[in-house]
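Let me begin by presenting the structure, written as structure tokens, before commenting on it.
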Amino acid sequence: MCTENKYNTQGICRLGMDTRVIALGIFGILFASSITVLLVGVGEEDETSEPTFSFAAGDPLFQGEGHDHSNASQHQAGTDNIEQLAFNPLTSPGNAEVSVARSPDGNVYTYQAGWNDMHIVDVTNASDPQVVGVYNDPNTQVLDVKYLEYNGNEYVILQNQLVDSGYADPNVGEWGDPSQVSVVLIDVTDKTNPTYVDSWYDVDHPSGPHNLYPHMIDGEWYIFVANPDYEQCDSALGEACGGVTIAHLNLQGSASRTLPGIPASGIGHTIIKVGEYEVAWETTRGGWIYIHDMTVQRWPGEDTEDPRYGRTFVYGSYWEAGLRIGDVTDVPHPVNSPAQYTTMATLCKAGQGNPVMCRWRAPEVGSWMDFLDLDNDGRPDSGTTSNENGGRVSYIHYAEPFPEMLDVSHLGLGDEPRHYVTAAVECLDLYEGTGIVYLLDTTEYSMENGNFKFEISMTRDWEIPYATDHCFGSTCELDPVADEWLLFSPHNLDSGYFETTEETDQSRGGTWDGRLYISHYHAGVWIVDVETLISPIATDRIDIHFEATVGYYLPRGHLDGTPLDSAFYDFSWVPFLWAVEFHEGRIYASCISTGLYILQLDIDEPFIGMPV
């Protein structure tokens, strides 16, 4: 094992098998302009052995004595199949989620959340992004932003969450003021003048929402709001403690405006809560449980005999309760169920979301907690079993269903299309590793008493291939720095599905390619091939991680990092990535400490300007 060179400061070392040699110099081999992205070879001592994999670009996880995480010049690392096209520092640091969309005017814009603002950037010219609008929000932290369009009008939804009291304007309300911890709807049709439309405060979630997701159900927009706080929540009353608020958007043109008793629009009348989804607590193992992020998808399968056909599901990330799937198809709807919608809209509004009055609940129809067992004790690693290790395998933070059912017949896995969900952890501090990303097979289901249930299995895990040579935070024995919590952890990701031909395929054949674009806080952007995860050539777990990795890149601009005026996210690392989004052939990365980066993977170039 590589022990003397734990932190990439010099030389070359071997990892595991004698045939896998990896260059680890910070200032040497790492930056050669003509390097090969992947080296795939056969060991000379055994010509029949399986291939082993390594990066000529080396290990980009920089840490240890003499290294400055805030110095951009010390982070010039990446495989040479990825190019940085542009960097824009925006008007202020403290950035979070980024949403990317092509507007009806034909231009492409990013909407980037900040601690107390939201930037709108015209990225139509990816080499010259320009800030065209800023929405200032003086309340608590704006960590998430999502875009939607309806009848030619454009909106974003933001959230305010009580995270950082030192980073909000103390002159705006009190901490108990609902405006400090609300969901906010902004009209961004005029990019230069984003305008407040409405907000919603949930009385049973006092710290405010953390994550948002919009999804259209039968022609009407709904938003799904992750509310992680349940310390002041009473489950005995039926409160969705740490659950998902479901609200309908009563936008101009919505069918709800024709219903009696439903006000037309405006402040207090546009975001209409109609119910919630809650984890089935009786099926959990205890431990650290709360909803962090969620995504929503209409089942993409075409088998009309499948009971999930045409139904819509929320995929919730519940940390040590794992992946949770709720059926939101029958949510109160102004067209499908107008009487129920009117009742729930009225009662939820009257009680500010109080569950005594706001009673509709989406049923749970699937769950998965079979985390990796890296200590080989026969139990999934977690805080309630053993080997918690800062959540390396068990703190499920972000889950996203793949956009399409996948034909895996060319991989020798049968003719039935498969459905996959990616589930990534977020790690606080680790005595080993960087944090796992799971690829889960959610194709199968079972029936009991007329009800279906997802039967979920793990297809593969992935982790930065150099993970076992690293640790971070207070439990890192070789470099115990408490302030380095989160250092190399994954955070958010995006999926790309590409229809291909024999001439355009970049992976394992068939009619599609799939890639995951993963943001790691200080380890940059990592891109992973889905077909390889499903059916790799290698059999060694770490070799599979190498084989599946398409490339990586540490974005950096002309700015070094400076500490934020923050009591929570006060790191000044460069990069310090919150999110990465893939849109029409480009990669957009939001850096907490510096701004917006636009990257280009070479094999994505044919898809520039195309919806993928």
Side-chain angles (χ1 to χ4, degrees), residues 161 204-205 207 209-213 224-236 238-246 275-297 313-328 355 361-374 379-401 420-428 435-442 445-446 451 453-458 461 489-493:
Q161 184 181 12
D204 60 334
H205 299 296
S207 72
H210 180 74
N211 179 251
L212 309 162
Y213 199 87
F224 299 80
V225 185
N227 295 291
D229 191 317
Y230 57 83
E231 293 181 359
Q232 302 180 51
C233 185
D234 189 349
S235 59
E239 292 183 278
C241 302
V244 178
T245 288
I246 305 172
E276 295 184 330
Y277 161 70
E278 174 58 294
V279 62
W281 288 88
E282 68 278 6
T283 66
T284 68
R285 302 190 188 105
W288 195 357
I289 301 173
Y290 73 94
I291 179 67
H292 200 288
D293 285 38
M294 84 261 110
T295 52
V296 183
Q297 183 191 53
F313 302 100
V314 56
Y315 297 82
S317 304
Y318 268 89
W319 285 65
E320 290 193 297
L323 169 68
R324 297 281 157 162
I325 305 176
D327 187 346
V328 297
R361 293 288 184 273
E364 186 168 281
V365 293
S367 63
W368 177 86
M369 298 182 292
D370 294 329
F371 315 125
L372 287 175
D373 176 21
L374 295 182
R379 300 180 297 173
D381 292 354
S382 71
T384 58
T385 54
S386 63
N387 195 27
E388 184 173 7
N389 187 18
R392 180 187 181 188
V393 307
S394 61
Y395 291 175
I396 302 299
H397 162 272
Y398 185 84
E400 178 173 294
Y420 294 95
V421 172
T422 307
V425 304
E426 181 178 36
C427 309
L428 303 187
I436 298 296
V437 178
Y438 293 101
L439 184 67
L440 306 177
D441 189 328
T442 45
Y445 67 91
S446 60
N451 298 313
K453 176 184 177 183
F454 282 79
E455 298 295 340
I456 306 171
S457 61
M458 183 178 73
D461 75 274
S489 171
H491 192 227
N492 290 341
L493 62 85

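Start at 1 with the first residue, then count along the sequence.
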Of the non-hydrogen atoms in Leu323 and Tyr315, which two are nearest, and what is the gap between them? CD1-CB, 4.2 Å
Asn387: side chain to side chain donor-acceptor pair (under 3.5 Å) partners, not counting sequence neighbours: Asp381, Tyr431
Would you say Ile291 and Val244 make side-chain contact, with heavy atoms under 4.5 Å? yes
Partners passing side chain to side chain donor-acceptor pair (under 3.5 Å) against Glu364 (at least two apart in sequence or in another chain): Tyr277, Arg324
Between Glu320 (side chain) and Ser394 (backbone), is there a donor-acceptor pair under 3.5 Å? no
Under a 3.5 Å cutoff, is there a donor and acceptor pairing between the side chains of Ser446 and Glu455? yes
Check for a donor-acceptor pair, side chain of Ser317 on one end and backbone N or O of Ala399 on the other, with a separation under 3.5 Å. yes
Mind telling me whether Phe371 and Trp368 have parallel, tilted or perpendicular rings, with 30° and 60° as the class edges? perpendicular
Look at the side chain of Arg392 and the backbone N and O of Leu374, then say whether any donor-acceptor pair between them is shorter than 3.5 Å. no
Do Asp293 and His397 come within less than 4.5 Å of each other through their side chains, counting heavy atoms only? yes
For the CE atom of Met369 and the CD1 atom of Ile456, what is their distance to the nearest 0.5 Å? 10.5 Å
Report the distance from atom CE of Met458 to atom CG of Leu440, rounding to the nearest 0.5 Å. 8.0 Å
List the atom of Ala362, the atom of Val328, and the distance in Å for their closest heavy-atom pair. CB-CG1, 3.8 Å
Looking at every heavy atom in both Pro490 and Gly435, which two are closest together, and how far apart are they? CD-CA, 3.8 Å
Any donor-acceptor N/O pair, Thr385 side chain to Pro380 backbone, under 3.5 Å: yes
Quick one: sort the Tyr395 and Trp319 rings into parallel, tilted or perpendicular, breaks at 30° and 60°. tilted
Not counting sequence neighbours, which residues clear side chain to side chain donor-acceptor pair (under 3.5 Å) with Tyr438? List them please. none
